[in-house]
Amino acid sequence: MKTSQCLNPTIFVIFGGTGDLNMRKLAPALYNLQADGFMPKDYAIIGTARSKLTDAQFRDTIQAGVNQFSRSGKVKKEKWDKFAEHVSYNAVDVSAPDTFAVLKTNIEKIKAEFGPKTQVIYYLAVAPNLFPLIAQCLEKYDLAGDEESCRIVIEKPFGRDLETAKALNKLLTGIFTEKQIYRIDHYLGKETVQNIMAFRFANSFLEPLWNRTYIDHVQISVTEQLGVGDRGGYYDGAGAMRDMIQNHILQLLCLIGMETPINFEADEIRNKKVDVLKAMRPFGPEDIRFSTVRGQYSKGWVEGKEVPGYRSEKDVAADSNTETFAAIKFFVDNWRWQGIPFYVRTGKRLYQTSSLISIQFKDVPHQVFPAGVTEHWQQNRLIISIQPEMSIRLQVQAKRPGLDMVLNPVDMVFDYKGTYSAQAPEAYETLLLDVMLADQTQFMRADQVESAWELLMPVVNAWETKKSLSFPNYHADSWGPEDAEALIARDGFHWFTLPLKNED
Ligand code: BG6
């Protein structure tokens, strides 16, 4: 059970303290952990960035972030004052490494006050080109500590291809042990994502059905209404493949595809996930042609407002070849999944914001009902809706009430809102608490990251070397390029969506 009781005194050092991630996610998460009683008795948060700020200025900056982005709304004065006492600021600049010496003095001072069990967590909420530089400075100034006392959290993207991911792993593991490295993928901290394992491995009825004999195909669809906004500078060098598929979506696929672990230990769970990645069918040139689709949005209208096409977004090249949409058909070549397609799609500026997994079961082996009765026939489906609706639905056939025998599909629904009154914690709350508890279960191990890159590299390379002549190929507010419909329609399926609330 997660509790602050077993937490050692903790110092959080946040690199990129004035950045977007701290404002939107980290500071609100730490504030809510404190408000809900999950921070240790002794803790300190040191924000670092290049700007010269006083502690008070830094506290004001993050208070504005918490006010705007916290799930619990604006800060409550009493709770904020209590939180703010733990927050300080330390200007640090990798191009002036002696600023790390000042940081070291500050950390040592706090450690002396908190005692020998104090743990130090370095959170790298910075641009990826700074990951190696900061890690090297931590080593140089003897701040990397040991397995017990010190951890480093690395945000995605972890490398921009297999080679750079390997190089980063090599550099980090030369300074830290694997037990100290927390490669974060915030999808793994989402309540509904964590529930996939609970649902699969705590219910006996599912396991006998969870295989190629009973499952027809799997869909994982993470669609977003928003465009790239002001992240064009980052996104144009990344694209949907690096931004979403290499990490979030493959992690979801692993949770659906993995074998039953023998226990809930971090390495056991991660071994089972790596097994899925290793079993995934490599892409040859023909597969890239027939099993992958890329897209880029053009301008359009969203909720009555005109929105720009991708190539007109801020910091995006006017002839950009970057994909803002990707759809891929994967196969997992093992006994459980042989021959069963896993279709995934993700994109920006799509019609609906929704993350869901649909598992379609095979049809009944023999139809006993006459044609008229089964007009609305639908094979059974299990739908795990990650967001915005948080639910698990089992679609089954049932008799419609009335004198005639008419069947239609109905949903058996587990809806978080209807079942629990407590608000679910944000993914970052769960994950930051896990780092404090030294629990790596929901973090990516080096081999996981590398296996995911290895699988995707042929597609990444092909898309990069061969410019798309059809870009932009989908309108804002659509479901993406037509080819993505064709990808799945060729196999006799269609992309599953949940109706929007106002479409019910
Ligand atoms: C991030 C991506 O990792 O995840 C973003 O960089 C994306 O491009 C975001 O919008 C989606 O996360 P969520 O939690 O809003 O689904």
Would F330 and F283 count as a ring-ring contact (aromatic ring centres under 6.0 Å, His included) here? Give the steps.
CA-CA 9 Å; F330 290 106; F283 287 91; 5.6 Å; yes
What about the rings of [X] and [Y], do their centers lie closer together than 6.0 Å?
X: W453; Y: F158; answer: no
X: F325; Y: Y310; answer: no
X: F58; Y: Y89; answer: yes

Cationic N near anionic O, under 4.0 Å, [X] to [Y]:
X: K179; Y: E147; answer: no
X: E155; Y: R183; answer: no
X: D36; Y: R71; answer: yes
X: E268; Y: K272; answer: yes
X: D415; Y: R393; answer: no
X: K273; Y: E259; answer: no
X: D333; Y: R281; answer: yes

For a 4.5 angstrom cut-off between non-hydrogen side-chain atoms, does [X] reach [Y]?
X: M241; Y: I328; answer: yes
X: I107; Y: T118; answer: no
X: S385; Y: L498; answer: yes
X: K156; Y: Q246; answer: no

So, [X] and [Y]: side-chain donor and acceptor under 3.5 Å apart, yes or no?
X: S221; Y: R345; result: yes
X: S149; Y: D146; result: yes
X: Y234; Y: D243; result: yes
X: Y235; Y: D315; result: no
X: E450; Y: N169; result: yes
X: N90; Y: T48; result: no

[X] (side chain) donor-acceptor with [Y] (main chain) under 3.5 angstrom:
X: D55; Y: V87; value: no
X: T173; Y: T177; value: no
X: Y297; Y: G347; value: no
X: T223; Y: L350; value: no
X: Q219; Y: F496; value: yes
X: R200; Y: I256; value: yes
X: R151; Y: E148; value: yes
X: N203; Y: F199; value: yes
X: N32; Y: P28; value: yes
X: R50; Y: D93; value: no

Using a 6.0 Å cut-off, check whether atom [atom1] of [X] has over 12 heavy atoms from anything other than its own residue.
X: Y420; atom1: OH; result: no
X: E108; atom1: CD; result: yes
X: K417; atom1: NZ; result: no

| query | Please walk me through it: do R445 and D267 pass salt bridge (charged side-chain N to carboxylate O under 4.0 Å, His left out)? | reply | CA-CA 9 Å; R445 213 169 47 191; D267 270 332; 2.8 Å; yes
side-chain contact (heavy atoms from CB on, under 4.5 Å) between Q225 and E303, worked out: CA-CA 10 Å; Q225 247 190 344; E303 289 168 357; 3.9 Å; yes
**Report entry** Chi angles and distances behind the salt bridge (charged side-chain N to carboxylate O under 4.0 Å, His left out) call for R336, E207
**Finding:** CA-CA 11 Å; R336 190 184 285 270; E207 176 53 24; 2.9 Å; yes
Item to check | Of Q442, Q448, Q440, the residue whose pairing with R270 passes side chain to side chain donor-acceptor pair (under 3.5 Å) | outcome: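 The residue from Q442, Q448, Q440 that satisfies side chain to side chain donor-acceptor pair (under 3.5 Å) with R270 turns out to be Q440.
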Find the distance between [atom1] ([X]) and [atom2] ([Y]) and round it off to the nearest 0.5 Å.
X: I46; Y: I14; atom1: CD1; atom2: CD1; value: 10.0 Å
X: C150; Y: Q119; atom1: SG; atom2: CD; value: 9.5 Å
X: I386; Y: Q194; atom1: CD1; atom2: CD; value: 11.5 Å
X: L255; Y: M258; atom1: CG; atom2: CE; value: 6.5 Å
X: K140; Y: I175; atom1: NZ; atom2: CD1; value: 12.5 Å

Please evaluate residues K74 and Q68 with respect to the criterion side-chain contact (heavy atoms from CB on, under 4.5 Å), reporting the C-alpha separation (whole Å), side-chain torsions for both, the decisive distance (0.1 Å), and the verdict. CA-CA 7 Å; K74 287 199 170 173; Q68 194 179 347; over 6 Å; no
Any chance you could lay out the side-chain contact (heavy atoms from CB on, under 4.5 Å) test for V344 and I245, step after step, and finish with the verdict?
CA-CA 8 Å; V344 311; I245 296 198; 4.2 Å; yes
Verdict with supporting geometry, N195 and Y416, side-chain hydrogen bond (donor to acceptor under 3.5 Å, both in side chains) = CA-CA 11 Å; N195 199 26; Y416 282 65; 2.9 Å; yes
Mind telling me whether Y43 and H86 have parallel, tilted or perpendicular rings, with 30° and 60° as the class edges?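 The arrangement is parallel - the two ring planes meet at less than 30°.
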- Task: On the 0 to 90° scale, with breaks at 30° and 60°, tag the H248-Y187 ring pair as parallel, tilted or perpendicular.
- Result: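 Parallel, since the angle between the ring planes stays under 30°.
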| said: Among V276, V274, D275, which residue satisfies the side-chain contact (heavy atoms from CB on, under 4.5 Å) criterion with K278? | reply: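 Passing option: V274.
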Review point. Does the pair K348 and E313 meet the rule for a salt bridge (charged side-chain N to carboxylate O under 4.0 Å, His left out), with working shown?
Key: CA-CA 13 Å; K348 299 218 179 266; E313 299 275 20; over 6 Å; no
* In sequence, state the C-alpha distance, the side-chain angles, and the governing distance for D161 and T164, and then conclude on side-chain hydrogen bond (donor to acceptor under 3.5 Å, both in side chains). => CA-CA 6 Å; D161 50 29; T164 47; 2.6 Å; yes
Practice item. Go through Q387 and K190 one step at a time and tell me if the side-chain hydrogen bond (donor to acceptor under 3.5 Å, both in side chains) criterion holds. Key: CA-CA 9 Å; Q387 60 189 29; K190 286 182 190 278; 2.7 Å; yes
Taking it one step at a time, do I11 and K111 satisfy side-chain contact (heavy atoms from CB on, under 4.5 Å)?
-> CA-CA 8 Å; I11 305 174; K111 270 184 169 175; 4.0 Å; yes
